[in-house]
Amino acid sequence: MATAPTYARRRLGGELRRLRLRAGLTGEGAAEACGWSQTKIVRIETGRVSLTRHDLLKLCGLFETSEEETARLTAWREGATDFRWWLEYANVVSAQLQEYLSLEAQAAEIQSANTSVMPGLIQSPRYIEALFATSPWTPDPDLAASLIEVRRKRQLLLEGTAVVSIVIGESLIHATLGRADVLRDQLRHMLELASRPGTSIRLLPFDAPASPVEGGVTLLDFAHDYEPSVAVTEHMRGLEIKDGAVEVRRCQRLLDHLGGHTLSPEDTNKVIEQRLRDLA
């Protein structure tokens, strides 16, 4: 079955750990009761392995879960969610990108920085089309059309409850993609997004002492303690998705460093407005 594997396993594993602790069991005790190694319990709880229905029900029995809890856990194991809209684009969306989309769609907070490419979450429809039209990586028009749809649907999360903070390099508000009207449309789009509650866009100015980011970096935080944060780096070779404590701390330090040298959201808006006047 096609699922969003990492998120589904992480969520299920984290909840099973919570239920184990509620039952007053150690990892070693749960492993002994099930006839498993302690390593298996650790791998289940950290989402490193898939869980069979038989094993899930064994754990539910051991943890004395309610019928409602058991049904919820079973649904999670089977990937029964409404969050997998991207599966209809499986022919153009890699497994790696599907994994990222599944994580991003469930994040409670998204922090992102990119000084070389306009982040996909804040690209206007016309900017997206121009970007794919000029990109050497999408020569097939049908492929480009599907990828444009994916990007537009991905942006729907900005209408939800997630808190989104994005840092971009000032150079990006000067890149026209060959047409000034496309850039004007993008700048107006950014101003509209920045006016929404929960969405912040800040510029890293040309003269900022912070070094430009090579590629993009994103930190995803989730609503529950049992869902560890995820650090994502984006470059020409693709995406790297890591949830290790060290990688997450490094990503947060980088975002904090960049954020300390950006313009405020208000000053960012003023610079964007001035750029629009210059383009008029």
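In this structure, Ser116 and Gly215 approach most closely via the heavy-atom pair OG-N, 4.1 Å. In plain terms, the two heavy atoms of Arg151 and Leu131 that are nearest each other are NH1-CD2, 3.7 Å. Between Val150 and Tyr89, the shortest heavy-atom distance links the atoms CG2-CG, 3.5 Å. The heavy-atom pair separating Thr268 from Ile201 by the smallest distance is CG2-O, 3.5 Å. Across every non-hydrogen atom of Asn269 and Ala194, the tightest pair is OD1-CB, 3.9 Å. Among all heavy-atom pairs drawn from Ala113 and Leu255, the shortest one is CB-CD2, 3.8 Å.
The distance from atom CD of Glu99 to atom CD1 of Ile241, rounded to the nearest 0.5 Å, is 4.0 Å. Rounding to the nearest 0.5 angstrom, the gap separating the CZ atom in Arg9 from the CZ atom in Arg43 is 9.5 Å. The CD1 atom of Ile110 sits 8.0 Å away from the CD1 atom of Ile166 when rounded to the nearest 0.5 Å. Going from atom CG of Asp55 over to atom SG of Cys60 covers 11.0 Å, rounded to the nearest 0.5 Å. Separation of atoms NZ (Lys270) and CD (Glu266) is listed at 8.0 Å; rounding is to 0.5 Å. Summarising the geometry, atom OG1 belonging to Thr46 is positioned 11.5 Å from atom CG belonging to Leu16; distances are rounded to the nearest 0.5 Å.
Within a 6.0 Å radius of CZ in Arg277, other residues, nucleotides and ligands contribute more than 12 heavy atoms. The 12-atom threshold is not exceeded at CD of Glu28, counting heavy atoms of other residues, nucleotides or ligands nearer than 6.0 Å. For Glu32, the CD atom is loosely surrounded, since the number of other residues' heavy atoms within 6.0 Å does not exceed 12.
One hydrophobic cluster, built from ILVMFWY side chains closer than 4.5 Å, holds both Trp85 and Val92. A single hydrophobic cluster is not seen to contain both Leu57 and Ile41; linkage of ILVMFWY side chains at heavy-atom distances under 4.5 Å, directly or through other members, places them apart. Hydrophobic clustering keeps Leu203 apart from Val117 (ILVMFWY residues linked when any side-chain heavy atoms are closer than 4.5 Å, directly or through intermediates). The hydrophobic clustering, which links ILVMFWY residues whose side-chain heavy atoms are closer than 4.5 Å, places Val42 and Val49 apart. Note on Leu279: it clusters hydrophobically with Leu191, by side-chain heavy-atom contacts below 4.5 Å among ILVMFWY residues.
A distance-only check finds no donor-acceptor pair linking the side chain of Gln123 to the backbone of Ile128 [under 3.5 Å]. Put simply, the side chain of Gln252 never gets that close to the backbone of Leu219: no donor and acceptor are under 3.5 Å apart. A side-chain donor-acceptor contact under 3.5 Å links Gln98 to the backbone of Val93. A donor-acceptor distance shorter than 3.5 angstrom exists from the side chain of Gln186 to the backbone of Ile122, with no hydrogens or angles considered. Side-chain atoms of Arg275 come within 3.5 Å of backbone atoms of Ile173 as a donor-acceptor pair (strictly under, hydrogens ignored). Of the possible donor and acceptor atoms, one in the side chain of Arg77 sits under 3.5 Å from a partner among the backbone N and O of Leu51.
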**Message:** Please determine whether side-chain contact (heavy atoms from CB on, under 4.5 Å) holds for the pair Met190 and Tyr127, giving the CA-CA distance in whole Å, both sets of side-chain angles, and the decisive distance to 0.1 Å.
**Reply:** CA-CA 11 Å; Met190 290 167 60; Tyr127 192 92; over 6 Å; no
**Request:** Go through the steps to decide whether Leu121 and Leu157 satisfy the test side-chain contact (heavy atoms from CB on, under 4.5 Å), and finish with yes or no.
**Result:** CA-CA 9 Å; Leu121 274 181; Leu157 69 84; 4.0 Å; yes
**Item:** Check against salt bridge (Lys or Arg N to Asp or Glu O under 4.0 Å), Glu15 and Arg18
**Value:** CA-CA 5 Å; Glu15 180 67 354; Arg18 186 187 70 81; 2.7 Å; yes
**Request:** Apply the test side-chain contact (heavy atoms from CB on, under 4.5 Å) to residues Leu172 and Thr115: give CA-CA distance (whole Å), side-chain angles for both, the deciding distance (0.1 Å), then the verdict.
**Result:** CA-CA 7 Å; Leu172 294 175; Thr115 58; 5.9 Å; no
**Message:** I'd like to know whether Arg253 forms a side-chain contact (heavy atoms from CB on, under 4.5 Å) with His257, so could you lay out the CA-CA distance, the side-chain angles of the two residues, the decisive distance to 0.1 Å, and finally the verdict.
**Reply:** CA-CA 6 Å; Arg253 282 198 300 270; His257 173 65; over 6 Å; no
**Message:** salt bridge (Lys or Arg N to Asp or Glu O under 4.0 Å), that's the test. Do Arg48 and Asp243 meet it? Break it down for me.
**Reply:** CA-CA 11 Å; Arg48 304 298 181 186; Asp243 60 7; 3.2 Å; yes
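Under the side-chain contact (heavy atoms from CB on, under 4.5 Å) rule, Val232 has a single partner from Leu239, Val217, Leu103, which is Leu239.
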